[in-house]
Structure formats: structure tokens, C-alpha cells
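We name chains A, B, ... by the order of the sequence lines, and we start the count at 1 in each one.
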Amino acid sequence: MTEQEAEYAGDLFGVDPTPGIVAVERAGDRGIRIYHRTHDGVREQLVEFTPWLVVDAETVPNLPRQMSTTLLDGDGRLRVRCDAPNWAAWLDVYRWLREAGRPFATFTSAADQYLVDSGRGLFRGISFDTVVRAQIDIETLGLDPTVEGARILLVTAAINGESAIVFRGDELSEPDMIRALTAWLQSNDPDVIEGHNIFNFDLPYLIERARRYHLELEWGRDGSPVRVGGEQRFKAGARSIPYNAARIYGRHLVDTYQQIQRYDTAGQLSSYALKPAIRALGLARHDRTYVAGVDITAAWDHDRERLIHYAIDDVLDVNVLSELALPTEFYQTRILPRGLQSVATGGPGEKINDLMLRAYLSRGYSIPTPGPPRGYPGGYTELRRTGRFSPVVKCDIESLYPSIMLVDDIRPASDELGMFVPMLGVLTKRRLQAKRREQQSTGHDRAQWRGIQTSFKVLINSFYGYLGYSRGYFNDYDAAERVTLRGQDLIQNIVVQLESNGSRAIEVDTDGVFFEPPADVRTLASEEALVARVSETLPTGINLAHDGRFLGMLSLRLKNYALLGYDGTVTLKGSGLRSRREERFLGQFLHDEVARHLAPDQFGDPRQAYLDLAERIIDGRLGVDDVSRIETITDQTFISPATRRLAEAVHGERIGERVAVYERADGSLARASAFDDDANSSYLLRRLRDFAERFRPLYATDQEFHYTFPIVTQRTDLATLRAARPTSQLTLFDLTN
DNA sequence: TACTGTGGCCGTGGGA
DNA sequence: TCCCACGGCCAC
């Protein structure tokens, strides 16, 4: 590392590498308590702390409380740092600033303020498996802790997936179970407490049951009870999902129900419930015990040992999900001035804000205010050809936007100190190092380097988006636009070169191109050579890579295509071909039709399969799992007219839940659980035909398409339709019109 | 002050 | 019947 890189690394990671800090909390009005994990347990340290805010010069004379002020360097609008005499004064000023609508910068958490000030961070020098994580799970009578007969049957817990323990409702009274859990937690002294849906179920249930015995969940490192916050939101990709926040002094709460949603960026999982998620990820233990939610009461009465095994399996599965999804957040926490719980629930824009604020304030520099939002162009997309292609190569520009920012030195205009691009550069370099270490190592080391590597990747990928983030202190829409327009130039130039080399470009999207290579390019090596020749023409620091080769491709619409791998696997891409919302029978239909069109000799006749499925609909032979679709409950569900029928079907459901519904013969929607063999066949036939429309680009003429996928209604004579000949005119098959 | 970005396809339902 | 706005989900 050069001297300059070391300097920027200090800005990026904070200047104080003190290892082993596992928690930081406010202590009284002017103090901070730091918990260090050492070889013989956790040690406490108390330090003095002055809460602060940064405001603009005009605001200072009007502040409602006396503060000591410092003028910061530079031209940022927020150039006066105010140090508060105590936390109460800070809170007064903070509330006043919000109320008055004045611009300011601070952190609502004293711990985060301390971490920014000190340059320290959590978990430095320790790895994920060093941290003590407790998994907990409860089995209860019913889901509502307030109703008659509600009670906790079992509490199970484990430490890092081991030493599982059970507190049984037939051996302990309910309050004693709660006391036993608290004692177990205090003696194991975990840094992290984990559960699946712990925020919205286990904690509220436990708190309510405890309240009935005048107990509190005294789980804090200082013995304080779990504090319930208001409704907060966790960020998972583009979605922001509300939950009942809670905090524990000196520890971090992690909900694997949330973490697995953040982990599932590709949207592969159809359910985020514990058992389906574990199964879909291929992580189920073969000897795992299952008890359905509705059977828990019966199992408690008649098969208690089995229920206990099931409950233990549940906490072990919580650990499995945590080991999968949490390391990325854990290793980000080393870098960022905030705690694990906040890293694991917060959005990426705020994390880059953290980095920039810490870098500027540690140098005594002023902070700019966000520029007003405006739209700007994004990636270049073009559907150049539709139809069936073979063979197909995909190439893409590696890390397009980060590379452009590094190569062209594109940074916010307000970044006077020039920190943005060097921080991105250090992260990029460190990520490559970590990737190499990951490849060179095995076991726990490998898992650690993977965690580090992916945590860097998450931050790297956030830098571009930050430029267009409306609440980013250093946002810059002009800079964001320069990045995307440069990307458009680069990819369009690559298409020109590919075509001039005899390739036929099929689809272009932002940083990648699918193309048919020329006839003399048929091996991986020759494809790579072709891509490498194009790559050589690009600016230094911009690399084009071979990113996949396929036996076949169906190009249907922009961002909607299917791929046939050389190993025979079929992949569907795009909202029209794979969506969590589509009915299962339609998903199956799409998949099968794609296979039939990609390899017609292997998979049979599309027309016959279509008519078979239509017949099953007419005969009512599709089950509830086939005809129901998954709808996500959002803020809009109960507001928007476009989701009125859904709102009626799922009245009272929580935001963020996913509910299986189907359309009834009367046109209303109903929950799949209320299925009564009354699915709307006309609707299903129409849906089937709509889905067949996706394949229209594969047919040269309307006649051919209509012959393959004729319109079918409940009154259609399928026998006649099946017997019809392909040479006939379209109108002959439109028997119902 | 606990909201990374744009581009695009498709279904719904209201209104012309 | 067509057009349009909007919401959800997806590709990148």
C-alpha cells in the first residue's frame, strides 16, 4: 500500500483500529460505555463523550440552547460544529432543528456519534465466528399473546448453532421460563441475539407474556430491559419493509427473516418463512423434524418430544441463515461508524453518507447540503433482434460504473477534499485482495474472506447510486449523469465493434451484450479471444469480459429472454417470464414452452401442450397451488384503486407479507387457504393465452402463432380444435367468435 | 435526519 | 374499445 493509499484507508475505515469492540452504548448524559471482547469474556470501558451537531452559520444565533461552537474549514454550508454540554441539550437542539426545518448533520445515536468522532469501529480484528450469537425461538399456543389460553409452550436457544437448550412449559411455569431464558442469556452474554421474525413475533409475544407477571425481559448488558421502538423499516433491495423495532443495551438484535430477504437479491426464494427458505437454499438437514404451525397444539398434547426436536431444529436453522446472510453485514460494520443492527437494517445511501461525514469531520472540514433532486438518464438498452439464436455469447464491462468513476475521476463537485474517488479506489483494491484470499483459502478462512469481499462489494456498488441519492450530503446529479452517459458511449461502441467483427448483437443492457459470434468462433477460447480483442480497444481501467456462453437464446422483449446452457439448464429472465406474482401453472407453462422452443426435438409440440393445459383448466383439474398467485402487501395495497380486489381479500394483513390468492368464478379475489374449487376458468384461460403472447416474436406469421396458441374459452370444442390442420386459415380456429 | 439509481414489461382499473 | 396512469416486479 502506498503512503497515499494508507492515508485514504484511514479516512475510509476510521483512524483508530482498536480491536475487539463488540458494542458501544450511551452511558448517562455525557458518557459512552464500550464493550470489548477479550479471551476471557467481555470487558467494559467508560469514556467521556460530547454529543454534537453540525449546522450552518445562520442557524447558530437562533439555537435554543447554549452550545460551544467551532468553525470548520472549507466551503460546505454546514460549517459550524456545535458541542452540547450533555445529551439532554443535544436532544433539545436536535428537535428544534427538525421543527424549524434547518439543515444539519448529526447522528441520532450517541454510539454512532462516538464512532465518527473516535474513528473506531465494531468487530475490528475479530472474525464472524468469534462473536457470540444467541439464537432463540419460542413455540406458543396461538399467535396472539393477549387472548385467553395464550401461552409459551417451549423456549429453545443456542449459541452459534451449538449447545441448544430447551425450557419446557411442562417443567417450568410461564414466568419461570421467561426468567430462565433471561438467566441463560445473561450467563452466555451474547453480542448478538437472533431469531426468525423475532421483531414481529418472538419479542412482542415474550414482552406481552412477561408483562402479565410484572416481568421485563432484562437482557441488556447493564441488566436493562428490551426497549421497544416504534415502527421502523428495513431495506431489502428496492423494498422498504416496516417492522417493530427493538433494542437491547450492549447487544445487537438480528432478525433472520429480514436478513434472508436482503440476501435474496436475485429473488430466487418464493417464501422467506424459515423452513421453506432453508429448503430452497438446499440447507435442510436430512433428519430435520417438521411440525406445521396449525399442528403445534396437537403435537404439544400428543407428541411432545417431537415438538421439542422441531423447536431445536428451528433455532439451529436460524443459525444456518445467520451464517449465510449476516457476515456481509458484520464485515461492513467493521468499516462503518454504526452498530451491526443498524448496518443490517439500513440502506446503502446512508452508509456512504456515514463514510463521507466521518472523513470530513475527522479533518475538521465543513459538510455540504444535498442538491435538489432531478431526473437523469440511466443505462443504454436496445433490443436489436428477437427470435431464437444459437450459439450465444454474453460479454460485459466489469464493474462498469465504479470503473468509470475511477478512470474518469468522477466525484461530487462538493467533495472539496477529494475523498470520494480515493475511498472507492481503496475499497476496490481491498476487494480484489480479499477475493484472492478467498480463492486461496478453505474452511473458516474462506468464509471470512468471502464475507469481507462481499461487504466491500456492497459498498463499492453504492457509490454510484449515492451521486443520485436525494438525501446524500455530497450528491451530484451532474456527476451521476456523466457516469451513465460515459457508460452508454462505451457499450454502444462495443456493439459497433462486435458487429464489425461479424457478430450479431441480440440485446444490449447497460453494461452487457448478448451476441451470436461469427461462424468461425465456436469454442470458449475463440470466444474469449474475440472479447479480448474488443476489450483492448477500451480505455485503461475499463475491461470487457466473457461472461457466459449458451447453446441457445430466445430473445422476446427487452430485458425478457431465455437461455439454454450447454449443460441443458434453462434460465428465464425478465418480468414477463419470471415473476413472483405469476400463478404456478403459468410459470410452469412458460418454462416448458421455453424449453420446447429452445430444443424442439427434445421437448415436444408447443401446441399440444398448450391445448392439454387449456383442457385441464376447463375440466377444473388444476389445484389451488397451481391457480393461486403470490401478492405482496404494500403501503399501496389498501389505498390504490388498482389493488382494490386484493385489498378486500387480504383485509388486515401486515405490510410486507406475501399472501397466496386466487380469482374466484365471481371475479373476486380470495385467499388460497379459502379455496373451494371455485377458480375462475375464464380468467385462467385468458391468462394462459396472455402468457402465450410472450412467444409471438418467435413466429414468422400471425397465422402460425394463432395456430399454435389458439384462443380457447370454456365453450371451445377442443376435439375439433385439436384435429385442425396447420394450413388452415386463422379464423377457422377462432371457434367461439 | 432510519429512502442508492434508471429502464422496461405487464396487469389493473378508470375514463374518454 | 382504446388510452393512460399507476403499481409491482424485474434487469442492470
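- Classification of E693(A) and R696(A) as a salt-bridged pair holds, one side-chain N sitting under 4.0 Å from a carboxylate O.
- Counting non-hydrogen atoms under 4.0 angstrom, P348(A) reaches a base of the nucleic acid.
- Side-chain nitrogen and oxygen atoms of R471(A) include at least one within less than 4.0 Å of the OP1 or OP2 phosphate oxygen of dT1(B).
- Nucleic acid contact for G465(A): base, since at least one base atom lies under 4.0 Å from a heavy atom of the residue.
- Rounded to an integer number of Å, the gap from E582(A) CD to dG11(B) C1' is 13 Å.
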Sequence-aligned protein contact record of nucleotides 2-12 of chain C, with B where the base is within under 4.0 Å of a protein heavy atom and S where only the sugar-phosphate is: -----SSBSBS
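- When the C1' atom of dG8(B) is taken as reference, atom CG of L556(A) falls 14 Å away, rounded to whole Å.
- Contact check on R645(A) versus E663(A) returns a salt bridge, with a Lys/Arg side-chain nitrogen under 4.0 Å from an Asp/Glu carboxylate oxygen.
- Remark: R358(A) does not engage D112(A) in a salt bridge, criterion side-chain N to carboxylate O under 4.0 Å.
- Judged by distance alone, with hydrogens and angles left aside, the side-chain atoms of E398(A) form no donor-acceptor pair with the main-chain N or O of A545(A) at under 3.5 Å.
- Out of dC9(B), dT12(B), dT4(B), the shortest distance to the side chain of Y683(A) is found at dT12(B).
- Salt bridge present: E583(A) and R687(A) bring a charged side-chain N and a carboxylate O closer than 4.0 Å.
- Scanning all heavy atoms of the two residues, the minimum distance from L340(A) to L122(A) falls at N-CD2, 4.3 Å.
- Note that the two end axes of the helix from dG5(B)-dC12(C) to dA16(B)-dT1(C) enclose an angle of 20°, each drawn from 5 base pairs, rounded to 10 degrees.
- Between R645(A) and the phosphate of dG13(B), there is a side-chain N or O to OP1/OP2 separation shorter than 4.0 Å.
- Nucleic acid contact for P373(A): none, since no nucleic acid atom lies under 4.0 Å from a heavy atom of the residue.
- Other residues, nucleotides and ligands contribute over 12 non-hydrogen atoms within 6.0 Å of the CD atom of E231(A).
- In summary, K235(A) and E350(A) do not engage in a salt bridge, as defined by a charged side-chain N under 4.0 Å from a carboxylate O.
- Within the nucleic acid shown, R687(A) comes within 4.0 Å of sugar-phosphate atoms alone, with no base atom in reach, counting heavy atoms only.
- Here G468(A) lies in heavy-atom contact (under 4.0 Å) with sugar-phosphate atoms only.
- Taking 3.5 Å as the limit, the base of dT6(B) and the side chain of Y380(A) contain no donor-acceptor pair of atoms between them.
- Across all strands, K235(A) comes closer than 4.0 Å only to sugar-phosphate atoms, never to a base (heavy-atom distances).
- Among the atoms of the strands shown, none is found under 4.0 Å from any heavy atom of S462(A).
- In this structure, G237(A) reaches the bases: a heavy-atom distance under 4.0 Å links it to at least one base atom across the strands shown.
- Within 4.0 Å (heavy atoms only), R694(A) reaches sugar-phosphate atoms of the nucleic acid but no base atom.
- Among the heavy atoms of the strands, none lies under 4.0 Å from Y466(A).
- Using a 4.0 Å heavy-atom cutoff across all strands shown, R98(A) reaches no nucleic acid atom at all.
- In this structure, CZ on F463(A) lies 5.5 Å from CG on L427(A), to the nearest 0.5 angstrom.
- Salt-bridge annotation for R482(A) and D408(A): absent, with no side-chain N of the basic residue lying under 4.0 Å from a carboxylate O of the acidic one.
- Using atom C1' as the reference point in both dA2(B) and dT6(B), the two lie 24 Å apart (nearest Å).
- Looking at heavy-atom distances under 4.0 Å, F104(A) makes contact with a base.
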